[in-house]
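Notes follow the structure.
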Amino acid sequence: MKSIIQNINKAFDHRIRLGIMSVLMVNESADFNTLKEILGVTDGNLASHAKALETEEYIRIEKQFIGKKPNTSYIATTNGKKAFREHIEALEKLIQKS
């Protein structure tokens, strides 16, 4: 028998990473300041958790200049969306078993 928590993904076990992916699942992209405001986190927290998701190849980080101001955007990858859906499905199954 497979463990009910087998598909719970460790990459999403932190509330900030969970929040980043939640925002990116319903938006094509989100910029740094938008994510920071929605999630209520510091610059450093957002940057480090985004980097962790990028390392897993769950998000793509794009940096550009708009005028003379730097702009960082985050986009969920196809693999990231799939992994996040599987994570949410696993959580739902866990809740249903409780």
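From S29, atom OG reaches atom CD of E62 across 8.0 Å, with rounding to the nearest 0.5 Å. Between atom CD of residue Q6 and atom CD of residue E86 there is a gap of 10.5 Å, rounded to the nearest 0.5 Å.
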Exercise answer: donor-acceptor pairs, residues 63-75 side-chain atoms, under 3.5 Å, sequence neighbours excluded:
{"residue": "N71", "atom": "OD1", "partner": "S73", "partner atom": "OG", "Å": "3.2"}

In residues 13-21, what donor-acceptor pairs under 3.5 Å come from side-chain atoms, sequence neighbours left out?
{"residue": "D13", "atom": "OD2", "partner": "K10", "partner atom": "NZ", "Å": "3.0"}
{"residue": "H14", "atom": "ND1", "partner": "I16", "partner atom": "N", "Å": "3.1"}
{"residue": "R17", "atom": "NE", "partner": "H49", "partner atom": "ND1", "Å": "3.0"}
{"residue": "R17", "atom": "NH1", "partner": "A11", "partner atom": "O", "Å": "3.3"}

_Could you walk me through whether L94 and I8 satisfy the side-chain contact (heavy atoms from CB on, under 4.5 Å) test, starting with their C-alpha distance in whole Å, then the side-chain angles of each, then the deciding distance to 0.1 Å, before giving a yes or no?_
CA-CA 9 Å; L94 181 61; I8 293 178; 4.0 Å; yes
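No more than 12 heavy atoms of other residues, nucleotides or ligands sit less than 6.0 Å from atom CD of E37.
No donor-acceptor distance shorter than 3.5 angstrom exists from the side chain of N45 to the backbone of V41, with no hydrogens or angles considered. In this structure, the side chain of N27 does not engage the main chain of A30 through any donor-acceptor pair within 3.5 Å.
No side-chain heavy atom of F12 sits less than 4.5 Å from a side-chain heavy atom of I88. Between L91 and H87, some side-chain heavy-atom pair lies under the 4.5 Å cut-off. At least one side-chain heavy atom of D43 sits under 4.5 Å from a side-chain heavy atom of F32.
Checked against the 6.0 Å centroid threshold, F84 and Y58 do not count as a close aromatic pair.
Contact check on K93 versus E89 returns no salt bridge, with no Lys/Arg side-chain nitrogen under 4.0 Å from an Asp/Glu carboxylate oxygen.
For E57, the side-chain hydrogen bond (donor to acceptor under 3.5 Å, both in side chains) criterion is met by no residue, not counting sequence neighbours.
Here the closest heavy-atom approach between residue A83 and residue N9 is recorded as CB-ND2, 3.9 Å.
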